[in-house]
Amino acid sequence: YNLTFKFNGYGRSLHQYLRTHPIPLSTDAKILDAGCGTGLLTIALLKALDLPVSITAIDLSGSSIVTAKKAVEENAGRADKVWFTQANVLALPFANNSFDFVVTSGVLEYVPLREGFGELSRVLKRGGYILHLPVRPSPVSKMLEVMFRFKAHHPREVAENTRRYFRVVKHYRFPPLHPIGWSKTAVLAQKK
């Protein structure tokens, strides 16, 4: 898993996206990276954001947390702004309205969408934003489903469940020549 993402260009695509599509954050915003995996998105966030923020990065896998910590320390230079904890995206150990911004990629494909979005909405402040990078069904995603044992949700199901809790602000499709464009889109939404 970690080796795949080191060489596939997703990190560069994420960093470029975050730099060219600034996320609506204020100084000292509290960010939740829900399902940080090996730290790819956490690093992209740290490199793209110029203002001071605090990031809480969670993952169900303890070994992914260890790998993510090491990757952030080696690649981002701002590891003191990231707190890692092992947690389940369906039962987050945070109070209601704890975060200003939630980002998630490749996590909701492992859980029922309604429950996953509901829990992310619970910990997000009213008016806060979520950046969701869903896996778009495609020939590439079929291969990823087998490799990583998840299921890409149909875009209609993603849209319906996003709108249940959030107001979609922007739906971005990565260019086809970007490695991330083969399987992902970006949905920025605001909590109602």
Side-chain angles (χ1 to χ4, degrees), residues 2 5-6 10-108 110-111 116-134 162 165-170 172 180 184 186-192:
N2 192 34
F5 287 108
K6 276 188 178 180
Y10 270 39
R12 288 185 304 279
S13 292
L14 287 170
H15 180 256
Q16 184 178 2
Y17 170 79
L18 291 168
R19 284 306 251 181
T20 57
H21 298 88
I23 50 181
L25 292 174
S26 58
T27 299
D28 298 321
K30 293 181 181 174
I31 300 172
L32 174 64
D33 182 352
C36 66
T38 57
L40 190 70
L41 188 49
T42 310
I43 292 167
L45 277 169
L46 288 168
K47 287 182 174 181
L49 298 174
D50 295 326
L51 54 124
V53 297
S54 64
I55 299 175
T56 300
I58 65 112
D59 201 274
L60 187 59
S61 165
S63 62
S64 288
I65 292 284
V66 170
T67 302
K69 276 184 185 179
K70 184 177 178 186
V72 167
E73 289 168 2
E74 292 174 355
N75 297 299
R78 292 173 60 193
D80 60 318
K81 298 293 183 185
V82 182
W83 291 267
F84 292 91
T85 190
Q86 191 171 357
N88 185 330
V89 74
L90 294 177
L92 295 168
F94 310 112
N96 295 351
N97 309 309
S98 294
F99 296 96
D100 302 295
F101 188 78
V102 172
V103 63
T104 186
S105 176
V107 173
L108 296 178
Y110 289 96
V111 301
F117 273 123
E119 185 64 355
L120 294 175
S121 174
R122 181 188 68 77
V123 301
L124 186 62
K125 293 177 183 174
R126 185 178 184 92
Y129 291 87
I130 182 171
L131 177 62
H132 176 222
L133 298 154
T162 302
Y165 301 99
F166 307 99
R167 178 183 62 82
V168 174
V169 175
K170 185 187 297 183
Y172 177 80
I180 198 170
K184 296 225 184 232
V187 179
L188 179 66
Q190 186 175 32
K191 184 173 175 180
K192 296 176 182 177

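From a predicted model like this one, the values you see are computed outputs, not experimental measurements.
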Ala57 versus Val82, closest heavy-atom pair with distance: CB-CG1, 4.2 Å
Gap between atom OG of Ser105 and atom CG of Leu14 - 0.5 Å precision: 6.5 Å
Which of parallel (below 30°), tilted (30 to 60°) and perpendicular (above 60°) describes Tyr172 and Tyr17? tilted
For the rings on Phe166 and His132, is their centre-to-centre separation under 6.0 Å? no
Asp59 versus Val107: any side-chain heavy-atom pair under 4.5 Å? no
Do Leu108 and Pro134 come within less than 4.5 Å of each other through their side chains, counting heavy atoms only? no
Once rounded to the nearest 0.5 Å, what's the spacing between atom CG of Leu41 and atom OG1 of Thr38? 10.5 Å
Spatial distance of atom OG1 (Thr162) from atom CG (Leu120) [nearest 0.5 Å]: 10.5 Å
For Lys192, look at atom NZ and say whether over 12 heavy atoms of other residues, nucleotides or ligands are found less than 6.0 Å away. yes
Find out whether Val53 and Leu45 are in side-chain contact, i.e. whether some heavy atom of one side chain is under 4.5 Å from a heavy atom of the other. no
Asp100 and its salt bridge (charged side-chain N to carboxylate O under 4.0 Å, His left out) partner, picked from Lys191, Arg126, Lys125: Lys125
Per side-chain contact (heavy atoms from CB on, under 4.5 Å), Lys69 is matched among Val72, Ile65, Val66 by Ile65
Can you list everything that forms a ring pair (Phe, Tyr, Trp, His ring centres under 6.0 Å) with Phe94? Sequence neighbours excluded, please. Phe99
Only distances under 3.5 Å count here; give the side-chain donor-acceptor pairs of residues 23-35 to other protein atoms, sequence neighbours excluded, each with its distance to 0.1 Å.
residue : atom : partner : partner atom : Å
Asp33   : OD2  : Thr42   : N            : 3.4
Asp33   : OD2  : Thr42   : OG1          : 2.5

Heavy-atom check, side chain of Ile130 versus side chain of Tyr165, under 4.5 Å: no
Tell me whether Arg122 is salt-bridged to Glu119, with the criterion being a basic N under 4.0 Å from an acidic carboxylate O. yes
For Ala68 against Gly37, the heavy-atom pair lying closest together: CB-O, 3.5 Å
CD1 of Ile55 to CZ of Phe101, rounded to nearest 0.5 Å, is 10.0 Å
So CG of Leu188 and CG of Leu131: to nearest 0.5 Å the spacing works out to 6.0 Å
